Amino acid sequence: PQRHGALQVRDLDREVKNLIKHTSGIDDEEDHNFQAALKFAWSNFRFHRFLDVDSHKVQRTINGIYEKLMVHSDLSKAESWMRLSGEFLNSPLPNTEGVKTDAHHGVLALLLFLSDCPSNASFSERPRLRDAGRFDWAQYLLEGEDVDPGPFPDTPEWSEESEEEDGQQPLSREDSGIQVDRTPQEDHEHHNKSVPVAWKVGEPDARVWLEQHVVTPYWVSHAPRFPHSLHLHSNLLNVWDQHLYNTDPLYLPEEKVFVTESQVIRETLVWPGLCLLCQNFVFCLSVCCSHEFVCSFCFLQNCLRSLLEHIAAYGQAVSRLQKFVDEVTGYSPETSPPGGSSSSSSSSSSKRGSEPPFRTYQAFVWALYKYFISFKEELAAIERDLITKDETVTLMAVLESLYPHLAQIKVLHKVFCTGVADVPPGTPNVVRASHLLNTLYKAIIEYDSVGEASEQALALLFSLWVETVRPYLEIVDEWIMHGHLFDPAREFIIQRNKDVPVDHRDFWYATYTLYSVSEAVDGEEKLSDAASGSSGGEQAASSRQLTMVSFLKPVLKQVIMAGKSMQLLKNLDCKEAEQHEGPARDAERTSLYMLFLESVQSRLRRGEESPTDTVTEQQATKRSLIKMQSIVARHLELGDIHDPLLAINFARLYLEQSDFHERFSGGDIIMDRSSESVTCQTFELTLRSCLYPHIQLRYIECCGNLMRTLKKDYRLIEYLQAMRNYFLLEAGDTMYDFYTAIFDKVLEKESWQQLSFLNVQLQEAVGQRCPEDSSRLSIFLETIEPTRKKQPINNLDGLTLSYKVPWPVDIVISSECQKIYNQVFLLLLQIKWAKYSLDTLRFSVSKRFDGGHEENPPKDPVHQQIHRMFLLRVKLMHFVNSLHNYIMTRILHSTGLEFQHQVQEAKDLDQLIKIHYRYLSTIHDRCLLREKVSFVKEAIMKVLNLVLIFSDRWQAGFGAWKIESIEKMESDFKNCHMFLVTILNKAVCRGSFPHCKFDLNS
Amino acid sequence: MASAANTNMNAVRETMDVLLEISRLLNTGLDMESLSICVRLCEQGINPEALSSVIKELRRASDTLKVSEFNSLSVSFIIMDQLGCFFL
């Protein structure tokens, strides 16, 4: 029936749209391309200049083609052509009555216009099936039946039998043994259209690969003309199809693919195994889904699609992780895309041949691998369930059961992305290792603070961390146990500087480099010398907010100290007792990592009841309940509340918390993390209680050994004492012999500034008492510029003692220390000189004067002069003596005692060095040698100078005296004295120099 | 009545089969679905010559479109792969 008007226009419009959709492949009607095409089509249809179809012309063309085919001696084709065209012209058209109408000719004309070299095209007529019989079978079977579409999604009636009926080879899939429902794949007529639309985009290789490797591509539709599946749940679909087919003669069954739910589930399960495929997989799924299902199922299809896409995202994550695992283990050939994000790891694997393995990544990968093994086991279990069909497995149920794993994968992937994938290529291993460990650490802390909500993730992360940290701990273990920093891949944050030998005095400071990563610049900073653990390095480290491996941070100093001490100790031991080092040195001890694992285990097991013995379990529960109750009650009592019921309830509440355990496997050990410590910062607490004590213990042991060895075998204490003996003049008699010889020479106005003379004096003095020190001690005379020599007191400048300290004691007593010693030594020498010159003044002259002028009146100016000289001398003596006493006893002696005490208590070498330095700086300060108090020293020097001038004058005899010079000396002394008294009094009142209380009240 | 309609429908279906054979012989590149669309259009009086020119034009346009689409798509694939965040 002809339709007219608006109806016809609407139909026409719809058909044109269909045509455009079908031809161009643009499904979106809103697409501007689509609109343009629509416009174009309509304008062509409406405003064309073509003639109407002429049946004669069409007939002529038909004959022409026939002739042409005959000429090409393509007889069968020619025969088919004539027969088919004739048959068509005599056949009815769907909406046109009669035969050989204009419409018939129009259609033929259209085909002729579109024809493309018919003579060249290979063609063999296909036998057309009279399918009525086949269809009737189905109809016949279904007729009169109350077709029950079945509970649609929940009952996948997928039986092996139906498959066997097909008589086809079961498909084998090596990985999962998946089999595909092939009931719809009966005879097919549409081979030429088997390529799904989506594949047109490209990637034919991918498709071929898929077809070859995965499974017989059930998604490639081999849709039968009349699709009916043996699946019950697709009956609704079939009925609907049948209806459409019967009502519309031109209805073509869509390219439908039947994916049963079990298939979907199995694909879902398989994706981690075939993770590389997953994006292709979703591609396929979307292909088969996007083929238009019957419109009423559209929502379902979208639903399914989004669901599967969701899973596929996880599949993607798994695939990245798996790829990483493969890359690190070198399992598969490099397949990563060039310049891909995994280039950092791929670069590591490409360099693998020459470089030592990067153990931190390997450990991480091993942990991941273990996780995936368990995960796959679980997947396999679900699949087994699916195959045995003991219980109904639905997609939703599977997803539900997978959900915790999916969350874990999400966490893993996040950690992986930040910890591994985001690291730019070319980063040194140390940064990558510490970054990875830090990421894990931070993630653990983060999830830890969340509490119960993330127990699973936390357990996973913790096990990952425990595994990943293994190389680090092994390095630490090796280092602090054997003093050997074995780190071929340079991944540890501390690295040995190759160019410093152990038996060098710089060993302690310059051997190790602490690599630390600054978070802000994410670059690598070399904090050379920070490894010494001295205060300077530490401050720098803390001020920069470094992200060096955080978990080691609290014990880093101990680790460094223990490591260095151990290495030093080994080197010391090597000389003495090498034979003690056996090859079985590791046999009798457990490694640090094992110790750590054991304590983690014991910590986690605490509070865990044995599941076998329920009685003890209950008892334990009861006991802990009582214990808890008492604790809670005590707490409540603190708040003045006495409510036993409340206490019990609180206790129960706390106890319930301890019911959840996390199980995870670390190594071959099952570890549980009891909740006993879930409150806050548990991870750090765990570390503190499980890892740090071992390191601490080892640290104490190592450093104690080292200190003992140094003190006992290397006579550290004796050397320190020697320093004090000679530099600080504690060996009074020895040094007295030495310096009085010099002073005598000065007094006699002889030249004493000869190195040989000085050394001979020194050797004589020392050799008598301590022969072994005499070889080590030597004295030098530095030439100093003459401008500084104008004062007699400065004559002694440039005199330096040198004491050859043997290794390893020179780590403590360095040349810098000797410089400070020398400064003090010089000061002491100056004081001694002043004291000596005052002490040695003879009374002979004055006695002579005294004797001769006993009866002289006191007004005698000479007598007065002498008297004033005496007075001045006594005053000067008093000053010098009190200064001498103060420095020698109150400062040097007491500080020395303090120092000796501290040295005894020093735990490690670093501490000892620090103590020594502190001691030196203290005496340096207190001897007023600091720049800040130089004015005080100046004044004292002035007085000492005065003393020397005075004694010089005295020696010259009374005749040389002038009353003015005496007055000048007196006034000078008075000035200096007054100045010092005021300054020091002020200082003492202010409390700045509590040590400067020497008596000046003369 | 029903069977008459049924026979008619079968006849029509057979016609379409014949037509598909003709189409294959002439190497028109039309499949069953586009063929049935064309038949409906022709029946409604669309000029076959105009229709053929439209179809040819559409084919050409969609080919160029797909090429450019493929290019951009492959580029974006590469980019996404590089970024390592190919989340579907």
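So that the names make sense, note that chain A is the first sequence line, chain B the second, and so on, each numbered from 1. Below, each value reflects all heavy atoms present in this structure, side chains not excepted, and no hydrogens, waters or symmetry copies. Worth saying up front: this structure is predicted, and the values here are computed from it rather than measured.
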Side chain, backbone, both or neither: which part of B:Leu25 has a non-hydrogen atom closer than 4.5 Å to chain A?
both
Is a side-chain N or O of B:Asn47 found less than 3.5 angstrom from the main chain of A:Phe45, in a donor-acceptor match?
no
Is there a side-chain contact (heavy atoms from CB on, under 4.5 Å) between B:Val54 and A:Thr23? Walk through the geometry before answering.
CA-CA 10 Å; B:Val54 165; A:Thr23 316; over 6 Å; no
Okay, A:Ile20 and chain B: the region with an atom under 4.5 Å from a heavy atom over there is both
Closest approach of A:Leu111 to B:Leu35 (non-hydrogen atoms, all atoms of both residues):
CD2-CD1, 3.7 Å
Contact between A:Pro94 and B:Arg40 at the side-chain level, heavy atoms closer than 4.5 Å - yes or no?
no
Flag, side chain of B:Glu49 to backbone of A:Phe50, donor-acceptor distance under 3.5 Å
no
Does A:Asp31, at its CG atom, have more than 12 non-hydrogen atoms belonging to other residues, nucleotides or ligands within less than 6.0 Å?
yes
Would you please test A:His22 and B:Asp31 for side-chain contact (heavy atoms from CB on, under 4.5 Å) and show each step?
CA-CA 10 Å; A:His22 199 81; B:Asp31 60 13; 2.8 Å; yes
Can a donor-acceptor pair be found, under 3.5 Å and without considering hydrogens, that links the side chain of B:Ser52 to the backbone of A:Leu114?
no
Which atoms of A:Asn90 are under 4.5 Å from chain B, going by heavy atoms: the side chain, the backbone, both sets, or neither?
neither
Nearest atoms (heavy-atom pairs only) where B:Glu43 meets A:Thr96
OE2-OG1, 2.6 Å
Relative to chain B, which segment of A:Ile65 carries a heavy atom at a distance below 4.5 Å: side chain, backbone, both, or neither?
side chain
Let's go through A:Val107 and B:Cys38 carefully: what are the C-alpha distance in whole Å and the side-chain angles of both, what is the deciding distance for side-chain contact (heavy atoms from CB on, under 4.5 Å) to 0.1 Å, and is it a yes or a no?
CA-CA 7 Å; A:Val107 171; B:Cys38 288; over 6 Å; no
Using only atom types and a distance under 3.5 Å, with no angle test, would you say the side chain of B:Asn27 pairs donor to acceptor with the backbone of A:Asp116?
yes
Give the minimum heavy-atom separation between B:Thr15 and A:Ser91, together with the two atoms involved.
OG1-CB, 3.1 Å
Any idea which heavy atoms bring A:Leu110 and B:Cys42 closest together, and the distance?
CD2-SG, 4.2 Å
